[in-house]
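Here's the structure, in structure tokens; my notes come after.
Note that these values count all heavy atoms, side chains included, but never hydrogens, waters or copies made by symmetry.
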Amino acid sequence: MIRDPQFDDIRPYYDEEIPAAMQRIADNEVFPLLASYIFPDKSVEQTRSLLKSIKTCDEFQVKVMWHVNDQIRQRSMTDFTYSGIENLEKDKPYLFISNHRDIMLDASVLQNVLYDNGMATTEITFGANLMTSSLVIDIGKSNKMFRVERPGIMNLREFYIKSKHLSDYIRFTITEKKQSAWIAHRNGRTKDGNDITDQGVIKMLGMSKREDKIAALEELNIVPLAISYEWETCDYMKALELYQSRFEKYVKKQGEDLASILSGITKPKGDVHLSICKPVSREDLSKFDSLTNIEYEREVAKLIDRRIHEAYALTPNNFIAHDIRFGKHEFKGLEYDDEHEARFINRINGLLKYEVEEPEVLKDIFLGIYSNPVDNCFKYSSTAHASPIA
């Protein structure tokens, strides 16, 4: 394994660190609860023995995390589908840049898709804000997760240094280790359903090869990903956060990120679809070669957006929300029926338990979470990818 000690502060565990991490996880007081969820047909001791037998990160992903993701799929998804696997070459490392709806699942479902198709799994970004306990750190770093700092908790100079360090690590991972990686296309989850790539992400990726902006991105083998959830598991939480943010800066409560992770794991998600988009090629990037760096980063971000929006799998909920929000019946009978509409209206009615001064504003924000993807998809096609009425 190719190593560089300069990245010891952010890298995942090395294989020789795995046995000790497995022992710590197995000895943790919440292990019986985790074991019963992941392996409901095994005793706690059987699962503990399995964990202690694991010697590498790859083994942990295959023997544990694959089953975690599969349990989430079985217990909370009506169906999980994917498309675009033909866009990937088996032995080529990629930087997967995904729209970001769920803290854990966006990256997790990709791992199972890759493994099930005979491909290597990826390293995964691990927000520093999520590294709240030794158990979470052990699970994350054993799962090939690498640390990413969040802006707002340091000054601009410090954040620049951290961003350059992250850029160097991602390039080292792709080009030297020949290991794929997953990152979100923006800082934090999309709260309003409007999946827009942060230009700063593109700038960060180029920091590690400033002398050639085309080669800087080309050699990362960027692949946009579009993931869609029929039911956004944190839709109420996201709507309330956006509502409160209109009046003052939203400050997360202690344990809020963990609550979001647990909600993503346990709450019903309906149909979930992952689209693996066409990789960003040198030909794509060369179209922007004459632009300034800022313009170049902006256009690359827009290119990734276009691929994500074109590939996004709309569901009946998206079309229902769009019709309700704009007082139309444009999609009724084509993309949804009365049964779908009744279920979605029942979801809206759940907002009534939250007492706010402007309930109609909260409702509109909630509808936007589901309706904005329709507007984004139809920017590029009048026949956007939609799930058929079941």
For this session: Measure from the side-chain N and O atoms of Asn87 to the backbone N and O of Ile276, and report whether any donor-acceptor pair falls under 3.5 Å.
Result: yes

Exercise. Is the closest basic N to carboxylate O distance between Lys144 and Asp58 below 4.0 Å?
Worked result: yes

For this session: Report the C-alpha separation of Asp195 and Arg101 in whole Å, then their side-chain angles, then the decisive distance to 0.1 Å, and conclude whether the salt bridge (Lys or Arg N to Asp or Glu O under 4.0 Å) test is met.
Result: CA-CA 9 Å; Asp195 297 307; Arg101 297 302 186 90; 2.9 Å; yes

Problem set entry | Donor-acceptor contact below 3.5 Å, side chain Asn28 vs main chain Ile25 | no

For this session: Specify whether Tyr236 and Tyr354 have parallel, tilted or perpendicular ring planes, treating 30° as the upper limit for parallel and 60° as the lower limit for perpendicular.
Result: perpendicular

For this session: Report the distance from atom OG1 of Thr47 to atom NE2 of His67, rounding to the nearest 0.5 Å.
Result: 10.0 Å

For this session: Look at the rings of Tyr94 and Phe96 and say which category their plane angle falls in: under 30° parallel, 30 to 60° tilted, over 60° perpendicular.
Result: tilted

Problem set entry | Under the salt bridge (charged side-chain N to carboxylate O under 4.0 Å, His left out) test, residues paired with Arg246 that sit two or more places apart | Glu358

Exercise. What heavy-atom pair brings Ala107 and Ile124 nearest, and what distance separates the two atoms?
Worked result: CB-CG2, 3.7 Å

Exercise. Does a side-chain heavy-atom distance below 4.5 Å link Arg189 with Cys234?
Worked result: yes

Exercise. Looking at side-chain heavy atoms only, is the closest gap between Glu335 and Ile320 below 4.5 Å?
Worked result: no

Seminar exercise, completed: By side chain to side chain donor-acceptor pair (under 3.5 Å), Asn317 pairs with (sequence neighbours left out) none

For this session: List, by chain and then residue number, the residues other than Trp66 in its hydrophobic cluster (Ile/Leu/Val/Met/Phe/Trp/Tyr, side-chain heavy atoms under 4.5 Å); write none if there are no others.
Result: Val62, Tyr115

For this session: Please answer whether the main-chain N or O of Ile214 pairs with a side-chain N or O of Asp289 as donor and acceptor at a distance below 3.5 Å.
Result: no

For this session: For salt bridge (Lys or Arg N to Asp or Glu O under 4.0 Å), just list the numbers for Lys269 and Asp102, CA-CA rounded to whole Å, side-chain angles, deciding distance to a tenth of an Å, and then say yes or no.
Result: CA-CA 11 Å; Lys269 286 166 277 295; Asp102 184 271; over 6 Å; no

Problem set entry | Ser142 side chain to Ile139 backbone, donor-acceptor under 3.5 Å | no

Exercise. Does Tyr229 have any ring pair (Phe, Tyr, Trp, His ring centres under 6.0 Å) partners at least two apart in sequence or in another chain, and if so, which?
Worked result: none

Exercise. More than 12 non-hydrogen atoms from neighbouring residues, nucleotides or ligands closer than 6.0 Å to CD on Glu16, yes or no?
Worked result: yes

Problem set entry | Smallest separation among heavy atoms of Glu230 and Tyr370, with atom names | O-CE2, 3.4 Å

For this session: Can you sort out the partners of Asp375 under side chain to side chain donor-acceptor pair (under 3.5 Å), two or more places apart, ordered by chain and number?
Result: His322

Exercise. Do side-chain atoms of Ser167 reach the backbone of Ser163 as a donor and acceptor pair under 3.5 angstrom?
Worked result: no

Exercise. Are any side-chain N or O atoms of Glu330 and backbone N or O atoms of Asp323, one a donor and one an acceptor, separated by less than 3.5 Å?
Worked result: no

For this session: Flag the pair Gln23 / Asp138 as yes when at least one side-chain heavy-atom distance between them is below 4.5 Å, and no otherwise.
Result: no

Exercise. Tell me, do Phe7 and Asp168 make a side-chain contact under 4.5 Å, heavy atoms counted?
Worked result: yes

Problem set entry | For Phe80, ring pair (Phe, Tyr, Trp, His ring centres under 6.0 Å) partners two or more places apart | none

Exercise. Do His340 and Asp337 have side-chain N/O donor and acceptor atoms under 3.5 Å apart?
Worked result: yes

For this session: Answer yes or no: is there an ion pair linking Lys302 with Glu299, defined by an N-O contact shorter than 4.0 Å?
Result: yes

Exercise. Is the closest side-chain donor-acceptor distance between Thr81 and His273 under 3.5 Å?
Worked result: yes

Problem set entry | Expected output: side-chain Tyr296 to main-chain Lys213 donor-acceptor under 3.5 Å | yes

Problem set entry | Contact check, side chains of Leu303 and Lys287, non-hydrogen atoms, under 4.5 Å | no

Under 3.5 Å, side-chain donor or acceptor atoms of residues 218-226 against the rest of the protein: list the pairs with distances, not counting sequence neighbours.
residue, atom, partner, partner atom, Å
Glu218, OE1, Arg282, NH1, 2.7
Glu219, OE2, Arg171, NH1, 2.7
Asn221, ND2, Pro93, O, 2.9

Problem set entry | Any donor-acceptor N/O pair, Asn346 side chain to Ala342 backbone, under 3.5 Å | no

Exercise. Can you get from Phe331 to Leu314 by hopping between Ile, Leu, Val, Met, Phe, Trp and Tyr side chains that sit under 4.5 Å apart?
Worked result: yes

Exercise. Do Arg343 and Glu339 pass the salt bridge (Lys or Arg N to Asp or Glu O under 4.0 Å) test, and can you show the C-alpha distance, the side-chain angles, and the key distance before you say yes or no?
Worked result: CA-CA 6 Å; Arg343 285 201 300 264; Glu339 184 179 349; 3.1 Å; yes

For this session: Tell me, please, which residues at least two apart from Glu17 pass side chain to side chain contact (heavy atoms under 4.5 Å, CB included).
Result: Arg11, Tyr13, Tyr14

For this session: Under the side chain to side chain donor-acceptor pair (under 3.5 Å) rule, collect the residues that match up with Thr197, sequence neighbours excluded.
Result: His185, Asp305

Exercise. Is Val280 close to Ile97 at the side-chain level, that is, under 4.5 Å between some pair of heavy atoms?
Worked result: no

Seminar exercise, completed: Between Arg307 and Cys277, the two heavy atoms sitting closest are O-SG, 3.4 Å

Exercise. Taking C-beta and beyond as the side chain, do Lys141 and Phe60 meet within less than 4.5 Å on heavy atoms?
Worked result: no

Exercise. In terms of ring plane angle, is the pair Phe146 and Tyr169 parallel, tilted or perpendicular, where the classes change at 30° and 60°?
Worked result: tilted

For this session: Establish, yes or no, whether the cationic atom of Arg75 lies under 6.0 Å from the six-membered ring centre of Tyr37 and within 45° of the ring axis.
Result: yes

For this session: Fit a plane to each ring of Trp231 and Phe344, take the angle between them on a 0 to 90° scale, and name the class: parallel (under 30°), tilted (30 to 60°) or perpendicular (over 60°).
Result: parallel

Problem set entry | Enclosure of Gln74 CD (heavy-atom neighbours >12, cutoff 6.0 Å) | yes

Exercise. Which pair of non-hydrogen atoms, one from Arg48 and one from Phe31, has the smallest distance, and what is that distance?
Worked result: NH2-CD2, 3.5 Å

Problem set entry | Close side-chain approach of Ser76 to Lys267, heavy-atom, < 4.5 Å | no

For this session: Inspect the contact between Lys238 and Glu241 and indicate whether a charged nitrogen and a carboxylate oxygen are less than 4.0 angstrom apart.
Result: no

Seminar exercise, completed: Minimal heavy-atom distance between Asp235 and Ile369, with the atoms involved, is O-CD1, 3.6 Å

Exercise. Under 3.5 Å, is there a donor-acceptor pair between the side chain of Asn143 and the main chain of Gln61?
Worked result: no

Seminar exercise, completed: Note: Asn99 and Ile227 closest approach over all heavy atoms is OD1-N, 2.8 Å

Seminar exercise, completed: Separation between CD (Gln179) and CD (Glu123), nearest 0.5 Å, reads 5.0 Å

Exercise. Who pairs with Asp364 by salt bridge (charged side-chain N to carboxylate O under 4.0 Å, His left out), at least two apart in sequence or on another chain?
Worked result: Arg325

Exercise. Residues in side chain to side chain contact (heavy atoms under 4.5 Å, CB included) with Lys162, at least two apart?
Worked result: Glu149, Met154

Problem set entry | Pairing of Lys278 and Asp284 as salt bridge, 4.0 angstrom limit | no

Problem set entry | Asp212: partners by salt bridge (charged side-chain N to carboxylate O under 4.0 Å, His left out), with sequence neighbours left out | none

For this session: Would you please indicate yes or no on a ring centroid separation below 6.0 angstrom for Tyr336 and Phe319?
Result: no

For this session: Without swapping roles, check the side chain of Ser36 against the backbone of Leu33 for a donor-acceptor pair under 3.5 Å.
Result: yes

